[in-house]
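Inspection log for the structure reproduced underneath, given as structure tokens.
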Amino acid sequence: MNIKQLLSEKVLAAMIAAGLPEDTNPAVSISNRANFGDYQANGVMGAAKKLKTNPRELASKVLEHLDLNGIADNIELAGPGFINIHLDKAWLAQQLTKISKDEYLGVSQRGSSANDKVQTVVVDYSAPNLAKEMHVGHLRSTIIGDAVVRALEFRGDKVIRQNHMGDWGTQFGMLLAHLSDKLQANEVAETALADLENFYREAKVRFDEEEGFADRARDYVVKLQGGDADCAKLWQQFIDISITHSEEIYQKLNVTLSRDDIMGESAYNPDLPVVIDELMTKGIAVEDQGAKVVFIDEMANKDGEPSVFIVQKSGGGYLYATTDLSACRYRTDKLNADRIVIFTDARQALHFKQVELVARKAGFLPENVGYDHCPFGMMMGDDGKPFKTRTGGTIKLAELLDEAIVRAKEVISEKNPDYDQETLNEISRKVGIGAVKFADLSKNRTSDYIFNWKTMLSFEGATAPYLQYAYSRIQSIFTKADFNRNDDGNIITIIEPQEKALALKLLQLEDVIDAVVSECTPNLLCNYLYELASLYMSFYEACPILKEGISSETKQSRLALCLLISKTLKQGLDVLGIDVMDRM
RNA sequence: GGACGCGUAGCUCAGCUGGAUAGAGUACCUGGCUACGAACCAGGCGGUCGCAGGUUCGACUCCUGCCGCGUCCGCCA
């Protein structure tokens, strides 16, 4: 169900009937003011400009052909040529009843029509560096990526998750050397690696200060890349333990990534020489100052100097450029991707632009395969300066999440002291984690953002707990009313303005989901759900359900409306990876 | 130096293909719990949308220039 689309079609038909060309944009949008109707069509003014005719006259001509019988109960012409559409309450009620019975709540599924085919979408997200522990900087990629993945799946696309973990590179030399020493001293790997951050620091200190250690570290890198069996075993141990750390975070965060989704940098290792070979053979890469580089003319500066993209170091080593090119090929050839979506911070924007250009030129990325790099801003400290990853000061993700849960527990026990420990823990987890995720997911900024405990852990205002609270309130009513939540047979009637506002909002879910998957912007869904919950809160105050004197029809209708609202909240929050509960 | 991103209420942020009087939350102020959960609701206060031009019926949105902040730009990822 997409009202905007439906109205667009109707208005366009009327415009064509009024003599306008078929490619006219009806420009239908949601009205931002109640007295301008529910939807408005603004396309007439643009069209009139092109034809150099009077917009007002043209609009009245379009109105003559506009047939919204049964859909709208009032259509009016306003201002210089706005067409304001007031939707019919009975029609809205019918649509609500229809989507109430639909398991996708009216969101049409890919593949249900010929021009809306199922796509295979490869989504590259999270990608922590296994040398270190996950910190708050990894939050965005992980949860935004996961929300987009869930939205794509809810819409019916085939999604292949790819966790492009940093499990390769020179830093592993010092880590393996350090680990080797620990094992020699009879330490158990799990214990030695219990605190990755600590372990990394120790290794780094030795690398910088201890005589001979740096050479051993470099030696380990050579052995690792050369496929030395003992070294590979050591590496595998390290990787396994580090992955376990990440999995704990994913589980706590309610993120859908699993071990099967891991496709680390190391996996592309065997393919890297092949990539270089192809680039050289095709004449795309050339040797320059001992390294192999691609000169990208498309990105030349004013003086005509091309952008330089190094694909192989002068010493023969490979870079992440090489790996990302290999990944392009793997994803199109082996995974049959129709679209590739990558979530990383904005600093890598230039890099991925270069990757795309080179990959397309080399044929690793066919014309019809989409390649979307979705950047986001860096995590900054309270001082407005970037977090430094190696000098303390970083907040471990695990610590943030635990803190959120503790704070949630304080609030919940204060408001509702009767819960037993188990229930309290369960609710605290859902509320605390939800608050952290929503705080981040609800922002669209591609610019940097300042990490702030207070906003991240807030439970008041436009936060996840507000939405969860709305849901719980509804469940509470169902319990009191002894209402069967599986009963979708009740008729919804719209009388009060709060009910109409809710109806409109509920019917806009597909529109929002579509925007989320095409633009990779879960914040739109956050806004939508907050508005829905907010409308519900107003409805709750204005439209009593269980009060004496409420007719049985009204009661049933309002309960049915509540049911659809709660389903939409639950489903929407699920797309964001946030849980709801009957009581909180 | 070049490229990219950002600049909206005290603070955190929305603002969809250009649309009518620029919106939320928070903070502050005023009201509201013997009807269903006050983690809430109703209302108030708060703006030269960085600056200056341009495009047009109309610009936070598009174009140009400038200012400020940030990031990236041949051997890290």
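Proteins come first, then strands; the chains are lettered A, B, ... in the order of their sequence lines, and each starts at number 1. Bear in mind the structure is a predicted one, so any value in this text is a computation, not a measurement.
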Worksheet entry | CG-CZ distance between A:Leu130 and A:Phe238, expressed to the nearest 0.5 angstrom | 7.5 Å
Item to complete: Name the closest nucleotide to the A:Ile477 side chain, picking from B:A77, B:G37, B:C75.
Response: B:G37
Discussion item. Looking at A:Ser326 and A:Thr322, would you say the former's side chain and the latter's main chain have a donor-acceptor pair under 3.5 Å?
Written reply: no
Worksheet item: What's the shortest heavy-atom distance between A:Ser31 and A:Gly37, and which atoms?
Response: CB-O, 3.1 Å
Worksheet item: B:C6 and B:G47: how far apart are their P atoms, nearest whole angstrom?
Response: 26 Å
Worksheet item: With both distances kept under 3.5 Å, what pairs with B:A42, Watson-Crick or G-U wobble?
Response: B:U30
Item to complete: Using a heavy-atom cut-off of under 4.0 Å over every strand shown, decide if A:Gly81 touches base, sugar-phosphate, or nothing.
Response: nothing
Worksheet item: Using a cut-off of 4.0 Å on non-hydrogen atoms, how would the nucleic acid contact of A:Cys543 be classed: base, sugar-phosphate, or nothing?
Response: base
Fill in: Sugar-phosphate only, base, or nothing, as touched by A:Val294 at under 4.0 Å among non-hydrogen atoms
nothing
Fill in: For atom CG of A:Asn444 and atom C1' of B:C16, their distance in whole Å
11 Å
Item to complete: Spell out, as yes or no, whether a donor-acceptor pair under 3.5 Å connects the side chain of A:Ser314 to the backbone of A:Gly290.
Response: no
Practice prompt. Specify the separation, in whole Å, of atom CD1 of A:Ile83 and atom P of B:G19.
Written response: 17 Å
Worksheet entry | Closest contact, heavy atoms only, A:Lys4 versus A:Asp511 | CD-OD2, 3.5 Å
Worksheet item: Just wondering, do A:Ile3 and A:Leu6 contact through their side chains at under 4.5 Å, heavy atoms?
Response: no
Worksheet entry | Base-contact (B) and sugar-phosphate-only (S) positions in nucleotides 38-44 of chain B, heavy-atom cut-off under 4.0 Å, - elsewhere | SBSSS--
Worksheet item: P atom, B:G5 versus B:C62: distance in rounded Å?
Response: 11 Å
Worksheet item: CD of A:Glu531 versus C1' of B:C13: gap in Å, rounded?
Response: 14 Å
Practice prompt. Report yes if some heavy atom in the side chain of A:Met263 is under 4.5 Å from a heavy atom in the side chain of A:Asn163; otherwise report no.
Written response: no
Worksheet item: Does any nucleotide pair with B:G58 by Watson-Crick or G-U wobble geometry, both distances under 3.5 Å, and what is it?
Response: none
Worksheet, complete the sentence: When A:Ala349 and A:Tyr320 are each assigned the nearest nucleotide of RNA chain B, the 5'-most assignment goes to A:Ala349
Item to complete: Pick the P atom in B:C45 and in B:G23, then give their distance to the nearest Å.
Response: 13 Å
Worksheet item: Distance check: side-chain N/O of A:Lys292 vs OP1/OP2 of B:C75, anything under 4.0 Å?
Response: no
Discussion item. Of the listed nucleotides (B:C75, B:C36, B:A77), which one gets closest to any side-chain atom of A:Leu546?
Written reply: B:C36
Practice prompt. Could you check whether A:Gln40 gets within reach of a base, just the sugar-phosphate, or nothing at all, counting any heavy atom under 4.0 Å?
Written response: base
Worksheet item: Do any side-chain nitrogens or oxygens of A:Asn129 fall under 4.0 Å of OP1 or OP2 in B:A77?
Response: no
Item to complete: Mind checking A:Met45 for me? I need base, sugar-phosphate or nothing, with any heavy atom below 4.0 Å counting as a touch.
Response: base
Practice prompt. Using whole Å, report how far CD of A:Gln225 lies from P of B:C76.
Written response: 12 Å
Fill in: RNA chain B: 5'-proximal contact among A:Asn42 and A:Lys547 (nearest heavy atom)
A:Asn42
Worksheet entry | Distance in angstrom units between A:Glu548 CD and B:U34 P, rounded | 16 Å
Worksheet item: Within 45 degrees of the axis of the six-membered ring of A:Tyr540 and under 6.0 Å from its centre: does A:Arg473 put its NZ or CZ there?
Response: yes
Fill in: Inter-nucleotide C1' distance (B:C60, B:C13), Å rounded
14 Å
Item to complete: Quickly work out the A:Asn523 CG to B:C16 C1' distance and round it to whole Å.
Response: 11 Å
Item to complete: Tell me which nucleotide among B:G19, B:C73, B:A20 gets nearest to the side chain of A:Leu350.
Response: B:C73
Discussion item. Over all strands shown, is A:Asn527 touching base, sugar-phosphate only, or nothing at heavy-atom distances under 4.0 angstrom?
Written reply: sugar-phosphate
Worksheet, complete the sentence: Taken to the nearest 0.5 Å, the spacing of A:Ile144 CD1 from A:Asp440 CG works out to 5.5 Å
Discussion item. Nearest 0.5 angstrom please: A:Thr554 OG1 to A:Lys547 NZ, how far?
Written reply: 13.0 Å
Practice prompt. Indicate, with a heavy-atom threshold strictly under 4.0 Å, whether A:Ser472 touches base, sugar-phosphate, or nothing.
Written response: base
Worksheet item: Taking side chain as C-beta onward, heavy atoms only, is A:Leu400 less than 4.5 Å from A:Met456?
Response: yes
Discussion item. Under 4.0 Å, counting only non-hydrogen atoms across every strand here, what does A:Lys49 touch: a base, just sugar-phosphate, or nothing?
Written reply: base
Worksheet entry | Whether A:Phe36 stacks on the six-membered ring of B:A20 base, 5.5 Å and 30° limits | yes
Item to complete: Under 4.0 Å between any heavy atoms, over every strand shown, what does A:Ala78 touch: base, sugar-phosphate, or nothing? Just pick one.
Response: base
Worksheet item: A:Asn84 near the nucleic acid: base, sugar-phosphate alone, or nothing, with a heavy-atom cut-off under 4.0 Å?
Response: base
Discussion item. I'd like the C1' distance from B:C57 over to B:G18, given in whole Å.
Written reply: 12 Å
Worksheet item: B:C4 and B:A22: how far apart are their C1' atoms, nearest whole angstrom?
Response: 27 Å
Worksheet item: Under 4.0 Å between a side-chain N or O of A:Arg558 and OP1 or OP2 of B:C36?
Response: no
Fill in: d(CD, A:Glu305; P, B:G2) in whole Å
12 Å
Discussion item. Side chain of A:Asn25 only, heavy atoms from C-beta on: which candidate in B:U17, B:G74, B:A77 is closest?
Written reply: B:U17
Fill in: Atom C1', compared across B:U12 and B:U8: separation rounded to whole Å
12 Å
Worksheet item: For B:G74, does the glycosidic angle fall within 90° of 0 (syn) or outside that (anti)?
Response: syn
Practice prompt. For nucleotides B:C29 and B:U48, find the distance between their C1' atoms and express it as a whole number of Å.
Written response: 26 Å
Worksheet item: Given atom CD of A:Gln5 and atom P of B:U17, what is their separation to the nearest angstrom?
Response: 17 Å
Worksheet entry | Below 4.0 Å: OP1/OP2 of B:G37 and any side-chain N or O of A:Lys480 | yes
